[in-house]
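The block underneath contains the structure these notes are about, expressed in structure tokens.
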Amino acid sequence: MSLRISTHLLRPPARALLRSADSIRSWDWLWQPTYGRRWHERFYRVRDDPYGCTVNPYDRQKYDRTLDLLAGRQFPSALEIGCSEGVFTEMVAPRCGKLLGIDLSEQAVERARARLAHLDHVTVMRATLPMEMPPGSHDLILCLDVLYYLPKDVLIGFLPRLKAALRPGGLLFALHYLGDFGQAMRGKEVHDLLVARLGLEVGHDEIVPGVGPAGAGCRVTCLGIPFPRHEHSGEGE
Ligand SMILES: C[S@@+](CC[C@H](N)C(=O)[O-])C[C@H]1O[C@@H](n2cnc3c(N)ncnc32)[C@H](O)[C@@H]1O
């Protein structure tokens with residue numbers, strides 16, 4: 001039997017209690033046994049660089065490929081989602097006028113801040129996406145090995161906000177490992193969703209075979225909002 005309670009019949013304290021129960025439910029997935037917030041916090045507490053971003057050949061390969069694809073461009077404002085301890089943040093910083101790195105782990109953010117303290121134009125913030133997506137829009141949004149931690153319905157719900165955070169002429173850069181390590185979504189599915197649902201121009205979409213654990217490879221996708229076309233005045237012809 002299910003019990004339905006009409007909230008307007010309740011006194012204000014009971015109403016507030018029900019509302020907060022609802023909001024706790026919408027954050028449930030963060031406490032999933034693996035790869036939620038609490039899991040990540042424990043993971044980062046055990047040792048420095050638990051993902052091995054400074055030592056894994058795969059990470060080096062993905063950073064190199066990303067920097068290659070961004071070559072020749074400068075981004076006045078950039079956002080890196082899931083910046084971890086700031087290893088790639090430091091590499092990409094010279095390409096950015098302003099760079100905001102966000103991560104759900106307090107511990108990771110603390111280490112990223114220490115690593116990036118010499119870079120005045122870089123800020124690191126603890127935030128859990130999609131709920132705490134910072135306001136503002138950017139010329140570059142980086143999502144490296146991060147969106148597949150979100151359950152599919154959560155990612156789908158986040159896409160309009162992600163798109164709104166991209167400025168005209170901006171670039172959404174996504175790269176995800178294609179193997180299965182128990183994460184909420186597979187990399188292929190994440191990229192298929194980005195391509196199919198964002199309605200952005202696909203500038204680049206590639207599978208890099210053989211890289212990463214078990215040689216499962218990774219997918220790299222660049223999506224963008226083209227600059228608005230201006231009517232040609234015909235002057236000066
Ligand atoms: C595999 S690491 C990738 C780090 C970095 N992007 C890289 O490729 O070197 C994933 C990072 O995303 C963060 N993360 C996972 N889910 C997140 C969420 N919902 N919001 C913000 N950060 C998240 C984790 O704390 C972790 O630091």
Side-chain angles (χ1 to χ4, degrees), residues 26-67 69-70 78-93 99-113 115-116 122-134 140-159 161-162 165 172-187 190-191 208 211-213 216 218-221:
S26 71
W27 287 63
D28 264 0
W29 61 272
L30 283 176
W31 279 267
Q32 61 200 332
T34 43
Y35 307 119
R37 177 160 177 211
R38 193 186 293 168
W39 183 93
H40 269 105
E41 217 51 273
R42 238 184 279 127
F43 190 50
Y44 277 102
R45 213 174 301 126
V46 173
R47 59 172 182 274
D48 285 1
D49 189 19
Y51 275 110
C53 299
T54 54
V55 292
N56 289 333
Y58 164 66
D59 289 282
R60 190 65 236 188
Q61 285 161 329
K62 81 185 190 197
Y63 300 150
D64 287 348
R65 187 70 193 120
T66 305
L67 292 172
L69 287 165
L70 300 180
L79 171 70
E80 185 188 6
I81 295 177
C83 67
S84 182
E85 297 183 10
V87 175
F88 184 65
T89 322
E90 192 171 24
M91 296 180 192
V92 78
L99 171 58
L100 171 62
I102 57 179
D103 201 282
L104 59 59
S105 159
E106 193 70 65
Q107 195 81 61
V109 164
E110 226 171 80
R111 293 182 196 147
R113 283 187 183 136
R115 179 188 295 278
L116 303 164
V122 180
T123 311
V124 186
M125 180 180 153
R126 205 219 63 77
T128 303
L129 293 183
M131 301 81 149
E132 297 172 330
M133 178 73 170
L140 171 66
I141 301 181
L142 293 159
C143 306
L144 271 60
D145 281 328
V146 62
L147 296 179
Y148 50 27
Y149 294 115
L150 304 181
K152 186 175 180 179
D153 57 328
V154 175
L155 178 60
I156 289 173
F158 176 48
L159 293 180
R161 182 69 197 87
L162 190 60
L172 173 64
F173 187 100
L175 182 155
H176 291 84
Y177 170 63
L178 292 174
D180 182 1
F181 56 98
Q183 74 278 39
M185 283 181 78
R186 298 288 291 267
V190 168
H191 285 238
V208 184
V211 299
C218 72
R219 182 164 166 191
V220 190
T221 307

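In listed order, ligands and their atoms are each counted from 1. All heavy atoms count here, side chains included; hydrogens, waters and symmetry mates do not.
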Worksheet item: Is any side-chain N of the basic residue among Glu132 and Arg126 closer than 4.0 Å to the acidic one's carboxylate O?
Response: yes
Response to the item:
Here the atoms of ligand 1 under 4.0 Å from any heavy atom belonging to Val146 are 12 (O), 14 (N), 23 (C)
Worksheet item: Would you say Asp49's side chain and Thr54's backbone share a donor-acceptor pair under 3.5 angstrom?
Response: yes
Discussion item. For Tyr148, give me all partners under ring-ring contact (aromatic ring centres under 6.0 Å, His included), at least two apart in sequence or on another chain.
Written reply: His176, Phe181
Practice prompt. Mark the output for Lys62 as yes if a heavy-atom distance to ligand 1 is under 4.0 Å, and as no if none is.
Written response: yes
Worksheet entry | Over all atoms of both residues, closest heavy-atom pair of Ala112 and Gly86 | CB-N, 3.8 Å
Worksheet, complete the sentence: Scanning both residues in full, the closest heavy-atom pair of Glu41 with Leu104 reads OE2-O, 3.9 Å
Discussion item. If the cut-off is 4.0 Å to any non-hydrogen atom of Leu144, which atoms of ligand 1 fall inside it?
Written reply: 3 (C), 5 (C), 6 (N), 8 (O)
Worksheet item: Can you check whether Trp39's main-chain N or O pairs, donor with acceptor, with Tyr44's side chain at less than 3.5 Å?
Response: no
Worksheet item: Strictly under 4.0 Å, does any heavy atom of Phe88 approach an atom of ligand 1?
Response: no
Discussion item. Once ring-ring contact (aromatic ring centres under 6.0 Å, His included) is applied, do any residues pair with Tyr51, and if so which ones, sequence neighbours excluded?
Written reply: His40, Phe43
Fill in: ligand 1 contacted by Tyr63 (non-hydrogen, < 4.0 Å)
yes
Practice prompt. Check whether any side-chain heavy atom of Leu144 sits under 4.5 Å from a side-chain heavy atom of Phe88, and report yes or no.
Written response: yes
Worksheet item: Can you tell me if Ile102 has a non-hydrogen atom under 4.0 Å from ligand 1?
Response: no
Worksheet item: What atoms of ligand 1 come within less than 4.0 Å of a heavy atom belonging to Cys53?
Response: 9 (O)
Practice prompt. Assess Asp103 for proximity to ligand 1: is some non-hydrogen atom of it under 4.0 Å away?
Written response: yes
Worksheet, complete the sentence: Ser84 heavy atoms within 4.0 Å reach ligand 1 at atoms 4 (C), 27 (O)
Worksheet item: Non-hydrogen atoms of Tyr44 versus ligand 1: any pair closer than 4.0 Å?
Response: yes
Fill in: Selection from Leu175, Leu104, Val109, Leu150 by shortest heavy-atom distance to atom 18 (C) of ligand 1
Leu104
Item to complete: Consider ligand 1: state whether an atom of it lies below 4.0 angstrom from any non-hydrogen atom of Ala127.
Response: yes
